[in-house]
Amino acid sequence: VSETSIARKYGRRRIPRRLHWGLIEGGSLLLGALILVWSLTPVYNMFLVALDPSGHNEFAYDIWPSHPTLDVFTSLWQADDEDIRDIWPAFGNSLYIGCAVTVLTVLIGSLASFAIGRLRLGRDWTLSSTAFATYVIPSSILIIPFLRVMHIYGLVDNPLSVIAAEVTFATPYAILVLQYYAKLIPSELDDAARIDGASALQVYLHIYLPLMAPALAAVGTYALLFAWNDYFYQYMLLFSERHTTVAMALEQFFDDDDAPWNYMMAIAILYALPPIAIFYALRRYMASGLTAGGLKG
Amino acid sequence: MSVNPAALATQRPLAFRWPGLPKWRGPLHGSDLGWALAFIVPYAAVFVAFALYPIGYALWMGGDPRLYAELLADPRYVRAAINTVAFVGLAVNVQMILALLLSGFFTRPRRWIKALLVVYLLPWTLPAVPAYLSFHWMLVTYPQGLLDNLLAAFGITPVFWFNSGWGALGWDIVADIWKWMPLWTVIFLGGRMAIPPDLYEAAAIDGASPVQRFAHVTVPLLANLYVISTLIAAIWAFGDYGPVLFISGGSPAFESEVVSTLGFHYALDFANPALGVAAGLSVLPLLVPLLIALMRRLETTEAQL
């Protein structure tokens with residue numbers, strides 16, 4: 001009895017190689033199709049409603065848009081309709097809050113992770129796990145005392161209060177991610193620079209920040225997405241019209257029974273574009289940054 | 001081949017296993033301490049002013065035991081508490097397990113799978129409010145919603161999706177999984193990439209089937225990352241009001257509320273902020289153990305390195 005026939009008889013592979021290959025590739029394709037449908041159905045629905053010309057007063061749409069039109073986007077661009085007059089200032093407000101949250105989260109998070117991880121302030125993880133105590137009360141509940149505290153600080157109806165809240169909630173995770181990633185940077189580099197007479201600030205600026213770039217990009221994108229996802233803190237803390245953000249405007253459409261659904265979805269699509277653009281621009285950093293240098297190089 | 005699984009599991013690639021400095025070099029002194037304090041001050045200030053103070057305020061607001069008697073007497077609260085456990089338990093576990101499995105699919109070296117990953121990440125980057133509103137209109141507009149129309153195309157009669165609390169909550173859970181699964185998939189993908197391929201080759205030479213390779217190589221090496229991610233996801237899920245607020249809206253008649261949205265309704269719609277805060281604090285017996293588990297996990301895995 002030859003070796004190959006033994007292998008054929010007792011080997012693990014009981015199905016022929018080609019069939020095996022076909023099953024795997026076929027299964028992959030099937031799974032891929034499922035993932036595509038799963039990921040895109042709600043996105044497709046947004047376009048379906050946005051492109052429906054009759055979306056203004058009813059939503060008798062079908063699986064395909066019957067008379068698709070881009071009118072709604074041109075109206076948005078000109079902001080010529082009663083319902084959408086203030087939409088561009090709202091975009092400005094969202095952008096302002098999003099950028100501030102991103103910059104502050106990256107700055108405060110990187111400073112804190114440098115102090116904890118490189119300057120070894122406190123036992124290694126004590127401080128960064130204490131930061132997670134921030135999540136001890138669900139954020140939608142914490143808004144109630146938060147609103148009162150903002151009254152005490154005199155920050156009510158001020159975008160700064162929203163920025164403060166979002167930075168508070170984004171930073172603990174940011175510190176964790178940065179601290180994990182910082183483990184990839186040999187501390188000998190710091191020591192060498194210190195021996196050459198660099199101060200801690202110089203090490204932070206010239207060694208830590210440049211080498212942490214992928215993690216900083218990941219954390220910044222995370223913070224931007226966080227600010228873009230938030231609605232509650234904006235809704236509760238801002239009430240004058242000039243502070244309205246896009247998330248708040250969308251919610252107002254949602255509350256209004258006669259709302260023009262097509263405008264709502266068109267605004268939703270435009271609102272989704274900036275984080276998508278930034279995310280995909282920085283995508284190659286995301287996996288490596290978020291999993292602390294899981295990808296080599 | 002000597003591989004310390006703990007080192008891998010905490011995501012330090014093998015190539016970077018330099019001996020490192022002692023964990024604790026003794027107290028900081030002189031200018032280093034000054035710099036360290038200066039660097040931590042911004043975060044400490046944010047933490048105290050915008051986290052600690054409001055949390056303390058919440059504990060004070062919800063300190064009256066009578067509030068909890070009032071909550072337990074309210075059937076809406078009891079239902080919301082059950083829903084919260086179902087929401088967190090189901091949404092988090094399903095998305096973590098699927099993310100772990102799908103991250104394996106996305107490591108396959110095919111160009112179309114790389115392209116598919118780009119599409120798959122879309123829900124994560126889509127802002128929550130528009131995404132959940134889209135789910136809402138897909139489901140709620142009986143009988144013309146996209147889902148009902150799709151069912152009709154297959155000859156199935158339209159369904160009032162939000163007629164039952166469980167059905168409505170089910171859709172909230174689906175949407176939560178849809179939104180957050182890509183984040184954890186990316187994280188596990190990064191974790192899988194850090195596993196040296198020779199481990200799989202060695203296992204394959206020893207005759208391990210793909211399932212065995214997954215069970216005896218991938219799972220042990222990703223276990224720590226998986227547990228930490230699950231704990232973080234669960235902690236976040238307790239505060240995730242988005243799906244319930246925008247998709248089911250708690251319908252029908254508060255049957256699909258979770259604690260984080262019901263507390264908000266208590267505070268705003270019923271003008272009883274203290275009761276709302278008490279509803280939020282009532283999840284502490286579940287949330288605090290998760291937080292402690294996370295903190296311990298972060299500290300002990302570090303000690304193993």
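By convention in this document, chain letters (A, B, ...) are assigned in the order of the sequence lines, proteins followed by strands, and residues within each chain are numbered from 1. Heavy-atom basis, side chains included; hydrogens, waters and symmetry copies ignored.
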List the steps and the verdict of side chain to side chain contact (heavy atoms under 4.5 Å, CB included) for B/F105 and A/I35.
CA-CA 11 Å; B/F105 170 70; A/I35 290 172; 3.7 Å; yes
Which atoms of A/A112 approach chain B - backbone, side chain, both or neither, heavy atom under 4.5 Å:
both
So, the part of A/L270 with a heavy atom under 4.5 Å from chain B: the answer is neither
Test item: side-chain donor near acceptor, A/S28 and B/R110, under 3.5 Å:
no
Less than 4.5 Å to any heavy atom of chain A: does that hold for the side chain of B/L245, its backbone, both, or neither?
both
Given heavy-atom pairs under 4.5 angstrom as the criterion, report whether the side chain, backbone, both or neither of B/L126 touches chain A.
both
Minimal non-hydrogen separation, A/G32 against B/L116, with atom names:
CA-CD2, 3.5 Å
Checking heavy atoms, do the side chain of B/V288, its backbone, both or neither come under 4.5 Å from chain A?
side chain
Which one of A/S199, A/A131, A/S113 has the most heavy-atom pairs closer than 4.5 Å to chain B?
A/A131
Is chain B contacted by the side chain of A/I152, its backbone, both, or neither, given a heavy-atom distance below 4.5 Å?
side chain
So which part of B/L290 gets closer than 4.5 Å to some heavy atom of chain A, the side chain, the backbone, both or neither?
neither
Name the region of A/Y153, side chain, backbone, both or neither, that has any atom closer than 4.5 Å to a heavy atom of chain B.
side chain
Minimum heavy-atom separation for B/G239 to A/P138, with atom names?
CA-CB, 3.6 Å
Answer whether the closest heavy-atom distance between the side chains of B/L52 and A/T134 falls below 4.5 Å.
no
Examine whether an atom of A/L176 lies under 4.5 Å from a heavy atom of chain B, and if so say whether it belongs to the side chain, the backbone or both; otherwise answer neither.
side chain
Please round to the nearest 0.5 Å and tell me the distance separating atom CD1 of B/I292 and atom CZ of A/F132.
14.5 Å
Taking the side chain as every heavy atom from C-beta outward, state whether B/Y57 and A/V149 have any atom pair closer than 4.5 Å.
yes
OG1 (B/T125) and CG (A/L225) are apart, to the nearest 0.5 Å, by 7.0 Å
What part of A/A227 is in contact with chain B, defined as an atom under 4.5 angstrom from a non-hydrogen atom: side chain, backbone, both or neither?
neither
What verdict does the side chain to side chain contact (heavy atoms under 4.5 Å, CB included) test give for B/W112 and A/L29, after you've listed the backbone C-alpha separation in whole Å, the side-chain angles of each residue and the deciding distance to 0.1 Å?
CA-CA 9 Å; B/W112 68 270; A/L29 281 174; 3.8 Å; yes
When rounded to the nearest 0.5 Å, the distance separating OH of A/Y204 from CZ of B/F39 is 6.5 Å
Say whether, by atom type as modelled, one donor and one acceptor occur between the side chain of B/W137 and the main chain of A/N45 under 3.5 angstrom.
no
Part of B/I55 lying under 4.5 Å from any heavy atom of chain A
both
Separation between CG of A/L142 and CZ of B/F50, rounded to the nearest 0.5 Å
12.0 Å
Contact leader toward chain A among B/V283, B/I232, B/I113, where contacts are heavy-atom pairs under 4.5 Å:
B/I232
Could you walk me through whether B/V118 and A/Y280 satisfy the side chain to side chain contact (heavy atoms under 4.5 Å, CB included) test, starting with their C-alpha distance in whole Å, then the side-chain angles of each, then the deciding distance to 0.1 Å, before giving a yes or no?
CA-CA 8 Å; B/V118 173; A/Y280 286 109; 3.5 Å; yes
Looking at A/I143, A/I267, A/I175, which has the largest count of heavy-atom pairs under 4.5 Å with chain B?
A/I175
Taking side chain as everything from C-beta outward and backbone as N, CA, C, O, which of these in A/M46 sits under 4.5 Å from a heavy atom of chain B? Side chain, backbone, both or neither.
both
For B/A175, is it the side chain, the backbone, both or neither that has a heavy atom under 4.5 Å from a heavy atom of chain A?
neither
Heavy-atom contact with chain B under 4.5 Å, split by part of A/L250:
both
Measure B/F264 against the heavy atoms of chain A and call it side chain, backbone, both or neither at under 4.5 Å.
both
Heavy-atom pairs under 4.5 Å with chain A: which of B/G276, B/A131, B/S134 has the most?
B/S134
Sort B/L291 into side chain, backbone, both or neither according to what part of it lies under 4.5 angstrom from a heavy atom of chain A.
side chain
Inter-residue atom distance A/W38.CH2 - B/M181.CE, 0.5 Å rounding:
5.5 Å
Contact summary for A/S39 and B/P123, nearest pair of heavy atoms
O-CG, 4.1 Å
Criterion side chain to side chain contact (heavy atoms under 4.5 Å, CB included) on A/F279 and B/W124, from CA distance to verdict:
CA-CA 10 Å; A/F279 177 85; B/W124 175 27; 3.4 Å; yes
For B/P273, which atoms come within 4.5 Å of any heavy atom of chain A: side chain, backbone, both, or neither?
both
Using side-chain heavy atoms (C-beta onward) and a distance below 4.5 Å, is A/M236 in contact with B/L268?
yes
Heavy atoms of B/P127 and A/P275 approach each other most closely as CG-CG, 4.4 Å
Give, as side chain, backbone, both or neither, the part of B/F47 having an atom under 4.5 angstrom from any heavy atom of chain A.
side chain
Proximal component of B/L287, with respect to chain A [non-hydrogen, under 4.5 Å]
side chain
Go through the atoms of B/I177 and report whether side chain, backbone, both or neither lie under 4.5 Å from a heavy atom of chain A.
both
Do you know the tightest heavy-atom contact between A/T41 and B/M138?
CG2-SD, 3.8 Å
Indicate the atoms forming the closest heavy-atom contact of B/P42 with A/L111, along with that distance.
CG-CD1, 4.0 Å
What option among B/F238, B/F135, B/F246, B/Y120 has the most heavy-atom pairs under 4.5 Å with chain A?
B/F246
Between B/V46, B/D240, B/L133, B/L37, which shows the greatest number of heavy-atom pairs under 4.5 Å with chain A?
B/L133
With only heavy atoms counted, which part of B/V259 is less than 4.5 Å from chain A, the side chain, the backbone, both or neither?
backbone
Close side-chain approach of A/S129 to B/L294, heavy-atom, < 4.5 Å:
no
One option among A/A247, A/A268, A/A165, A/S140 has the most heavy-atom pairs under 4.5 Å with chain B, and it is A/S140
Heavy-atom contact with chain A under 4.5 Å, split by part of B/Y241:
side chain
What is the distance from atom CD1 of A/I137 to atom OG of B/S260, rounded to the nearest 0.5 Å?
13.0 Å
What part of A/S110 gets within 4.5 angstrom of chain B, counting heavy atoms only: side chain, backbone, both, or neither?
neither
